[in-house]
Amino acid sequence: MELLKQQILPLVQEAVSKLGTSNLPIETMLQPTRELDQGDLTLPCFPFAKALKMSPVAIAESLASDFPKHTSLCEVTAINGYLNFRVSPHWLASQLLTGAMETTHDVAERSVLIEHTSANPNGPFHVGRARNAILGDTLVRLHRLWGHEVTAEYYVDDMGKQVAVLAWALEHLSSSEVERLLSDRDAVNPTWETKADHQRVRWYQAAQKLRQHEDEAPAIEKAIGELVHASENGDQSVLDSFEQAYQPVLDGMLETLGRLGIQFDRFTKESRFVTNGEVSALMDELGALEINGTADNGAQYLDLGARGLKGKTEFFYRRGDGSSLYATRDIAYHRWKWSMSNELINVLGEDHKLQAKQVGLTLEELGLERPEVVFYSFIKLPEGKMSTRQGNVVFMDDLLEEAKAQAAKVVADLRQDYEQETIHHIAEAVGTSAVRFNIINVSPEKGFSFRWEDALSFESGSAPFIMYSHTRACSIHRRVSELLGSEVKTTINLPKELPQGLVDLLRVLGRHNDCLRKVVLEHRPHLFAEQLLHLANGYNAFYRDCYIIDEGEVNEFFYLVSELARDVLRKGMEGLGIVPLESM
RNA sequence: GGGCGUGUAGCACAGCUGGAUAAUGCACCGGCCUCCUAAGCCGGAGAUCGCGGGUUCGAAUCCUGCCGCGCCCGCCA
C-alpha cells in the first residue's frame with residue numbers, strides 16, 4: 001500500500017537507524033504483507049540480526065514498542081520477526097474520499113504504441129488468435145486508465161504467401177469448385193453466410209487443399225510464387241488485387257473484434273515499407289554493418305552470434321534474388337514506429353520469440369532500442385492446435401453467439417419480469433465480457449486449452465461476478481438519488497466503529513492503484529483481473545455489513561464509500577473490456 | 001540435438017526481483033432470501049508447490065541435474 005508507505009517510510013527509517021544498523025534498503029524491505037490479517041505493510045527484521053547481534057524477534061519487538069504514533073497507523077505489532085503496520089481505517093477512509101486515488105499517479109509523459117492482433121486477413125477471427133487481441137486491447141485500455149497516451153495499431157500483412165493464396169483462389173476457383181473441394185468439411189454456419197470473412201475463407205481453404213493434393217499443384221505453386229514475388233517487389237497492381245481480396249475479410253474480422261470492444265487507431269500495411277523505399281534503404285544500411293555476411297548466391301545475413309544470440313546465429317534479411325524477408329520489413333516498420341512513439345509494445349505469439357530477438361538485436365545494431373514484447377502461449381483445442389488452413393478452429397463469431405445464448409438463458413431464468421430486448425442487451429454484455437475475462441484472467445505465458453464450459457462460466461470468479469457487484473452499487477446510487485436528489489453532503493462524518501466489511505473494502509481500494517501501476521509497468525493484465533475480483537468481493541462484503549439505506553434513511557458516509565467503489569469498479573471494468581451494465 | 005517457456009489441491013489458476021499458516025474459483029460438505037438485486041454471503045474439507053541435490057537464518061521463489069508438456073531452430077509468414 002503505497003499510500004501508507006509514503007507516510008511511514010521516514011518513520012521506519014529513523015527507527016531502524018536508531019537501533020544502529022548499517023544502511024540496508026529499508027524502502028524495498030518495507031513491503032505489503034502476505035498475510036492480510038497481519039496488517040498492510042511489513043518489515044522483515046531477519047536481515048538486521050547479524051549486524052545488531054539480536055534475534056529478529058527481539059528486533060521486531062523493540063521496534064514495535066518504540067514506534068511513534070502516526071495518524072495513518074492504527075497498530076504496529078511484532079510477530080515472528082516481522083514488524084507489521086496496520087493502516088488506520090479512519091485515515092484511509094478520509095484519504096480515499098478526498099481524492100487520494102486520483103493524486104497518487106505520477107504519470108510520465110509517454111506516448112505508447114501498442115501493436116497487437118495483426119492476424120493475417122485470410123479467414124474469420126478464431127479463438128486461437130483471441131489471446132493476442134484480448135491481451136493487446138486490455139493493455140491498451142489499462143495504459144489509458146493509468147493516463148498514458150496510447151495508439152493501438154494493427155499491422156496488416158498485405159503481401160506474401162497467405163494473401164497471395166487467397167487472391168489467387170478468388171480469381172481462379174468457382175463457388176462450386178470450392179464446395180466440391182471442401183465437401184468433407186462442415187458447411188458454412190448459416191448465421192454467417194453473408195459475412196465475407198466466412199465466405200472467403202472457403203476459397204483460401206480450397207486452394208490450400210489443391211496445393212497439396214492435385215496434379216495441378218506445381219502450376220498453382222508457380223502462379224502463386226509469381227504473385228508473391230511481384231508483391232515483394234512492390235508491384236502496385238498486384239498489391240491492389242491483394243487488397244481487394246483481403247479487405248472484406250479484414251472488415252469481417254474487425255466486426256467480430258468490435259463486438260468484443262476491440263478497436264484500432266491505425267492500420268499500417270506491410271507493403272508500405274517496400275513501396276516507399278525504406279526496406280531497400282534499410283537493407284543497404286545492414287549490408288554496411290560489421291556483422292554483415294554474404295552467402296554463395298548473394299543472400300545477405302547478419303551474424304548475431306557476435307551479439308550474443310545462441311543457436312542459429314545467421315539472420316537472413318535479403319534473399320539471393322535481392323528481395324526482402326518478412327523480418328526485414330518488420331525492422332523497417334519498427335524504425336518507423338520509433339519515430340512516432342517513445343514506448344513500443346508488441347503482443348506476439350511464442351512462436352515469434354526467435355524472430356523478435358533477431359529484430360531487437362538488429363534494431364540495437366542500428367542504434368535504436370528494442371521494443372517491449374509480451375509473448376503468449378497459444379490457445380489450443382483439447383484435440384490440438386487450431387489452424388485456419390486445416391479448418392479445425394472455433395470461430396470467435398460462434399463462441400460469442402453461444403456465450404450470448406447461454407447468458408440469455410441465465411438472465412431469463414433469474415429475471416422473469418425482463419423484456420426480451422433487455423435480456424438480449426444484458427446477455428450480449430455478459431457473454432462478451434465473460435469471454436474476455438476467461439482469457440485475460442490467465443497469465444499469458446501459460447498454456448491455455450479452450451473449453452466451452454470454462455469460456456461460458458458465469459459464476460463467481462468471472463466477469464459477471466464483477467458486473468453484478470457493480471450493478472448493486474448502481475442500484476444504490478439510483479435509490480439514494482431518488483431519496484436525496486442532489487443534496488448529498490460532501491463533509492464526512494466518520495463513525496467511531498467501522499464494520500469489518502467496510503474496512504476490508506477500504507483496504508482493497510487502498511491497494512488498487514499499486515496493482516494498476518505494477519500491471520502497466522510489467523504488462524501483466526491478469527493481475528488486474530484478480531484485483532477486480534478482490535474489489536467486487538470487498539464490495540459484496542461491505543454491502544452485507546453496511547446498510548446504506550436503512551429504514552429510508554441514507555447513511556451518507558457509507559454512500560460516499562459505495563460511490564467511490566462504484567467509480568473504481570466501473571473504470572476497472574472498462575480497463576478490462578468488461579461492460580459496466582447498470583442493471584442486470 | 002540446441003534455445004526459450006511451463007509443471008502448484010480432483011480440475012483450473014495466483015504467488016516466482018527469496019520471508020510468516022501457499023491465495024482464488026469450480027467441483028465436494030454444511031448454513032443464509034418477511035431486510036439496498038441470492039449472478040450473492042458465511043463456514044468446512046481438500047497441496048509430498050514435477051523429482052533429486054545445492055546456496056541461505058529462511059526456498060514454491062535463486063543455482064544445478066533429471067523427468068513431463070509447449071514453442072522455436074526456413075534465403076516462409
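Any value given below was found using the heavy atoms of this structure, including those in side chains, with hydrogens, waters and symmetry copies removed. Chain naming here is simple, since letters A, B, ... match the order of the sequence lines and numbering starts at 1 in each.
The side chain of V442(A) lies closest to A14(B) when the candidates are A39(B), C75(B), A14(B). Of the candidate nucleotides U21(B), C42(B), G5(B), U21(B) has the atom lying nearest to any side-chain atom of Q38(A). Comparing C75(B), C4(B), A77(B) by their closest approach to the side chain of K312(A) singles out C75(B). In this structure, of G15(B), A77(B), G40(B), it is G15(B) that holds the atom nearest to the side chain of H526(A). Comparing C75(B), A38(B), A77(B) against the side chain of Y543(A) picks out A38(B) as the nearest. Distances from the side chain of F458(A) to the nucleotides A39(B), A77(B), A60(B) place A39(B) closest. Here the nucleotide nearest the side chain of L414(A), chosen from A39(B), G70(B), A77(B), is A39(B). Out of C57(B), A39(B), A77(B), the shortest distance to the side chain of E270(A) is found at A77(B). Side-chain proximity of V411(A) to A39(B), G3(B), U17(B): nearest is A39(B). Checked against G40(B), C75(B), G15(B), the side chain of L527(A) finds its nearest nucleotide in G15(B).
As judged by a 4.0 angstrom heavy-atom cut-off over every strand, H534(A) is placed among residues making no nucleic acid contact. Base contact: I426(A) has a heavy atom under 4.0 Å from a base atom. Nucleic acid contact for D454(A): none, since no nucleic acid atom lies under 4.0 Å from a heavy atom of the residue. As judged by a 4.0 angstrom heavy-atom cut-off over every strand, G320(A) is placed among the base-contacting residues. Using a 4.0 Å heavy-atom distance criterion, M584(A) is classed as a base contact. Among the heavy atoms of the strands lying under 4.0 Å from A295(A) is at least one base atom, whether or not backbone atoms are also near. Residue contacts for P56(A): at a heavy-atom cut-off of 4.0 Å it reaches no nucleic acid atom on any strand shown. Across all strands, E232(A) comes closer than 4.0 Å only to sugar-phosphate atoms, never to a base (heavy-atom distances). In this structure, R318(A) reaches neither bases nor backbone, as no heavy-atom distance under 4.0 Å exists between it and the strands shown. Nucleic acid contact class of S443(A) (heavy atoms, under 4.0 Å, all strands): sugar-phosphate only. Across all strands, I549(A) comes closer than 4.0 Å to base atoms (heavy-atom distances). Across all strands, Q355(A) comes closer than 4.0 Å to base atoms (heavy-atom distances). Residue C546(A) is classed as a base contact, given a heavy-atom separation below 4.0 Å to a base. Contacts of D413(A) with the nucleic acid, taken as non-hydrogen atoms under 4.0 Å apart, are absent.
Between N537(A) and C41(B) there is a side-chain polar atom (N or O) within less than 4.0 angstrom of OP1 or OP2. Not one side-chain nitrogen or oxygen of R478(A) sits closer than 4.0 Å to the OP1 or OP2 atom of C36(B). For C73(B), neither phosphate oxygen OP1 nor OP2 lies less than 4.0 angstrom from any side-chain nitrogen or oxygen of K310(A). In this structure, K50(A) reaches the C57(B) phosphate: one of its side-chain N or O atoms is under 4.0 Å from OP1 or OP2. OP1 or OP2 of G15(B) lies within a sub-4.0 Å distance of a side-chain N or O belonging to R524(A). In this structure, R544(A) does not reach the C32(B) phosphate: none of its side-chain N or O atoms is under 4.0 Å from OP1 or OP2. Between K353(A) and the phosphate of C73(B), there is no side-chain N or O to OP1/OP2 separation shorter than 4.0 Å. Residue R329(A) places no side-chain N or O under 4.0 Å from the OP1 or OP2 atom of C76(B).
Ionic pairing of R86(A) and D37(A) is not present here: no N-O contact between side-chain nitrogen and carboxylate oxygen is shorter than 4.0 angstrom. Ion pair E27(A)/K5(A) not flagged as a salt bridge, since none of the NZ, NE, NH1 or NH2 atoms sits closer than 4.0 Å to an Asp/Glu carboxylate oxygen. Salt-bridge annotation for E482(A) and R478(A): absent, with no side-chain N of the basic residue lying under 4.0 Å from a carboxylate O of the acidic one. Salt bridge R524(A)/E522(A): present, at least one basic N to carboxylate O contact under 4.0 Å. Residues D514(A) and R511(A) are not paired through a salt bridge, judged by the lack of any N-O separation under 4.0 Å between the basic side chain and the carboxylate.
Rounded to a whole angstrom, the distance from the P atom of C49(B) to that of A59(B) is 12 Å. Across the P atoms, G44(B) and C35(B) are found 28 Å apart, a figure rounded to whole Å. As rounded to the nearest Å, A60(B) and C16(B) have C1' atoms that lie 7 Å from one another. If you take atom P in U21(B) and the same atom in U6(B), they sit 26 Å apart, rounded to whole Å. For C13(B) and G7(B), the P atoms lie 9 Å apart once the distance is rounded to whole Å. Look at the C1' atom in both G18(B) and C62(B): the space between them is 7 Å, to the nearest Å. Annotation: C75(B) and U17(B) have their P atoms spaced 37 Å apart (nearest Å). A gap of 15 Å separates the C1' atoms of A39(B) and C26(B), to the nearest Å.
Atoms CD (Q208(A)) and C1' (A77(B)) sit 12 Å apart, rounded to a whole Å. Rounded to whole Å, atom C1' of G3(B) lies 9 Å from atom CG of L309(A). Between L348(A) atom CG and C71(B) atom C1' the separation is 13 Å, expressed in whole Å. Per the geometry, CD1 belonging to I59(A) stands 11 Å off C1' belonging to C57(B), to the nearest Å. Taking atom CG of D504(A) as the reference point, atom P of U24(B) lies 13 Å away to the nearest angstrom. With rounding to whole Å, I379(A) atom CD1 is found 12 Å from C13(B) atom P. Separating the CD atom of E350(A) from the P atom of G3(B) is a distance of 17 Å, rounded to the nearest angstrom.
Summarising the base pairing, G5(B) is matched to C69(B) through a Watson-Crick or G-U wobble pair whose two defining distances lie under 3.5 Å.
Between the base of A39(B) and the side chain of N540(A) there is no donor-acceptor pair shorter than 3.5 Å. In terms of polar N and O atoms assigned as donor or acceptor, the side chain of E530(A) never comes within less than 3.5 Å of the base of A23(B) in a complementary pairing. Counting distance only, with no hydrogens placed and no angle test, the side-chain atoms of Y547(A) and the base atoms of C35(B) include a donor-acceptor pair under 3.5 Å. For A20(B), the base has a donor-acceptor partner in the side chain of T42(A) [N/O atoms by modelled type, under 3.5 angstrom]. One can find a donor-acceptor pair under 3.5 Å joining the base of C75(B) and the side-chain atoms of N297(A).
For F267(A) and Y154(A), the ring centers are positioned less than 6.0 Å apart. When ring centroids are compared, Y333(A) and Y155(A) come within the 6.0 Å threshold.
With S469(A) contributing its side chain and A536(A) its backbone, the two residues share a donor-acceptor pair below 3.5 Å. Proximity of a side-chain donor or acceptor of H334(A) to a complementary backbone N or O of D330(A) within less than 3.5 Å is detected.
In this structure, the side chains of R319(A) and F316(A) stay at 4.5 Å or more apart for every pair of heavy atoms.
Nucleotide C33(B) carries a syn base; the chi torsion (O4'-C1'-N9-C4 or O4'-C1'-N1-C2) is within 90° of 0.
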